[in-house]
Amino acid sequence: MRYASVIVDLKVSQTDRSFDYEIPHEWRGIIKPGMRVVVPFGSRKLQGFVVEVKDESAVKKVKAIDELLDPTPVLNEELLKLGEWLTESTLCFKITAFQAMLPSALKANYQKELLIHKDRSYEHLHPDIQTLFQKNKKLDLNKACKSPYFHVIQKEIEAGNLEVQYVVKQKTNKRTIKQIKAIASKKELQAFLSKLPKQANKQKRILQFFIENDDPIPLKKLLEEVQCTVSSVKTLIDKKMLLEEEVEVYRDPYEKEHFEKTNPLPLTNEQTKAIQPILASLEKEQHDVFLMYGVTGSGKTEIYLQAIEEVLKKGKEAIVLVPEISLTPQMVQRFKGRFGSKVAVLHSGLSTGEKYDEWRKIDRGEVKLVVGARSAIFAPFQNIGIIIIDEEHETSYKQEENPRYHAREVAIYRGKYHSCPVVLGSATPTLESYARAQKGVYNLLTLTERVNKRPLPTVEIVDMREELRKGNRTMFSESLYTKLKNRLENGEQAVLFLNKRGYSSFVMCRDCGFVISCPHCDISLTYHRFDEKLKCHYCGYEEMMPPHCPDCKSKYIRFFGTGTQRVEEEIAKVLPEARVIRMDNDTTSRKGAHEKLLKSFGRKEADILLGTQMIAKGLDFQDVTLVGVLTADTMLHLPDFRASEKTFQLLTQVSGRAGRHTLPGEVVIQTYVPEHYSIQLAQRHDYALFFQKEMYIRKLHHYPPYYYLVLITVSHQEVTKALSTAEHISLFMKKRLSDKAQILGPVSSPIPRINDRYRYQCMIKYKRESSLYESLKAILKHYQQEMNQTDLTISIDLNPLMLM
DNA sequence: AGCACGCCGACT
DNA sequence: GTCGGCGTGCTC
């Protein structure tokens, strides 16, 4: 095989294809698809992925591969195919798809270095800069630019005395430690020892150590063990008694933690009934998708654990996805406790190096199970036996940048490839998944009871309009306040949720709770401070901000929104004795801060945990007996057709946090629209009825799961350019698609300007459009030059979850 | 992305 | 007459 087809590391459409390179003789038969290489490309060097090796090339002037970066492929055959599929199904570049499947440590780091031209020596250089380049020293070009002698350097480059070299480096490397072992036999060591002079005590101790111990030992440990310094070891190395070698080690983020071994728990009747079909599917090595709908606390995790156990027994591997925010120590504990060192953990809290090490453990088959966030779906296992996605409804499973994939779809792709079951678990499945389960595309497994028959908490809905009428203008209803105070007195804990999303956007009447929504879309209008207008981000409808409530004529109509900080201040006012932990983007941005705060709350160092959605998941504290939702509505009125669904999900998840142990739990939901079905049904824990109602609305308004969506967002520094491009695209799509497809917009994005760029979007609703992908690709192709040269960007999101 | 090639204005 | 502006197009 003489040639290799390589996808180079350039994210532009012109280079989104393979380039042929000659394989140097020494690597023929060694270079395989899926390996990373460094290749010359134009005047530079780039990293690339070999996707094919072949005997012939149609290209005349092929260059040769410069470097081989991997001894074995980093992308196996399956992942290469998956990469192709990702490119096709998300319309991203091939290189983007490949990189998304690998830890970022494997990405290239490009540097330009300055060095003396190979034919010259440093005496040729200007005296001012000679010392910089003595002994073949290299200088980073970026640093050189800042040097006071840069003008001299420039001249030397022109004169050809200095040259610029492009170097491709790996972002993070394997960590190594120095290890010492004996190379002389024990007899020789003994002989050498006896010949040492009396005062060479340390050398003697070291030799003695190696006479008594066979195994190599890390240098650091040896020094500790025999109480000596490096110099004595070095002497013995020089004398050829010992040898120092670099050995690769893993960075282990859980090194210091101890995991209590746990054993399978007896399953309830319901659990047994639910696990049977999964085990049957495993037995038959058959690909099935299971939707496991189980109320909070119904023991889904135990089912996962026992199914995984079967998989491991068969010598196969398992992938478990959990949402990033619930990848807490508590969760990790459950898997590590059951499966010990067979588990790799992948989440964003790890450093690049730590992620790389976990990835390598998976790649080498040293672990059999990975628990991780979205990207763990690309774990390079060879023989997957099961894929589990917990909290299936979580939006974090969809990547919001290219490639815009949904982990659920990738899971199903891999499940098919490996002929293995995929289990989607949730107490509040997405309508899409539940609808598929009802149609029989997925198999539905239902768990209706909590294990140990603990009751679901009682949920009280408080009408905040009533509170206002009573003259209570604080954020806390009388009921919530009393209950909070009561918890403080009893030494119990409370969790308070605030929906930060939807901040200051929707407009609501504080008297009657009326929310102004679009007459065409059944979605709340968004307030635009700039021109005092209310706009719909779906169809473009707009109207002036009314001075009075259109329903009850009250003048207390205003846009709505509040922040966690303000709540914290207010708690301090009304409950000064309460110790509060606030969790939001501000307090959790530092690495490990999230865990630290939760642990602190677990140790009862605070009475109230206050936060946004991020605390809704996976919390399980003994003494939490009260959960308060400050404003259930903020999310309800987001300009998003999934607003009701998200509200229902959040309220249900939140309710699940209270009273998980012996103490019974209470939930207080504060709202201005207590009659809304998503709030009412969350109170009654009635998913089935919610599903029915919501499906009806989706059908009526042509939304998923009845229709598919595509969101095209165009952005540019100039409003007119962004708008006109969006208009062109809209027209083009109208021509290309059937008249059954609806093309809405362009309208300005819910966030009309980001980073001084104006944003417009078009939405396409369709059921079946054979030429859709081709047409979208045509758009990207048509605008490719403009996207390179000017700052036009067009992003295409297939099946979007976020409509911003 | 970076770099070369190429075709029109202000300069020694 | 040339230097250099950045529009256009290519990179195996």
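Predicted, not measured: the structure shown is a model, and the values here were computed from it.
Within residues 91-98 of chain A, no residue has any heavy atom closer than 4.0 Å to DNA chain C. Scanning residues 44-64 of chain A for heavy-atom distances under 4.0 Å to DNA chain B yields R44(A). Of the residues in residues 8-34 of chain A, those placing a heavy atom less than 4.0 Å from an atom of DNA chain C are Q14(A), T15(A), R17(A), F19(A), D20(A), Y21(A), in numerical order.
Ring centers of Y3(A) and F19(A): at least 6.0 Å apart, outside the cut-off.
Using a cutoff of 4.0 Å between basic side-chain nitrogens and carboxylate oxygens, R736(A) and E769(A) are not scored as salt-bridged. Salt bridge E22(A)/R28(A): present, at least one basic N to carboxylate O contact under 4.0 Å. A salt bridge links E432(A) with R642(A): the closest approach of a Lys/Arg side-chain nitrogen to an acidic carboxylate oxygen falls below 4.0 angstrom. The residues K361(A) and E358(A) are annotated as salt-bridged, a charged nitrogen and a carboxylate oxygen being separated by less than 4.0 angstrom.
Listed by chain and number, the residues in a ring-ring contact (aromatic ring centres under 6.0 Å, His included) with Y707(A) are H702(A) (sequence neighbours excluded). With sequence neighbours excluded, the residues forming a side-chain contact (heavy atoms from CB on, under 4.5 Å) with Q165(A) are E113(A), L115(A), K138(A), V167(A), listed by chain and number.
Each salt bridge (Lys or Arg N to Asp or Glu O under 4.0 Å) pair with one or both residues in residues 69-97 of chain A, not counting sequence neighbours, appears once here: R36(A)-D70(A), E78(A)-R414(A), E88(A)-K777(A).
F41(A) places its CZ atom 8 Å from the C1' atom of dC10(C), with the value rounded to the nearest Å. At whole-Å resolution of the value, CG in D66(A) and P in dT11(C) are 18 Å apart.
In terms of modelled atom types and a separation under 3.5 Å, the side chain of D9(A) and the main chain of L46(A) share no donor-acceptor contact.
Looking only at side-chain heavy atoms (C-beta outward), Q399(A) and R374(A) come within less than 4.5 Å of each other.
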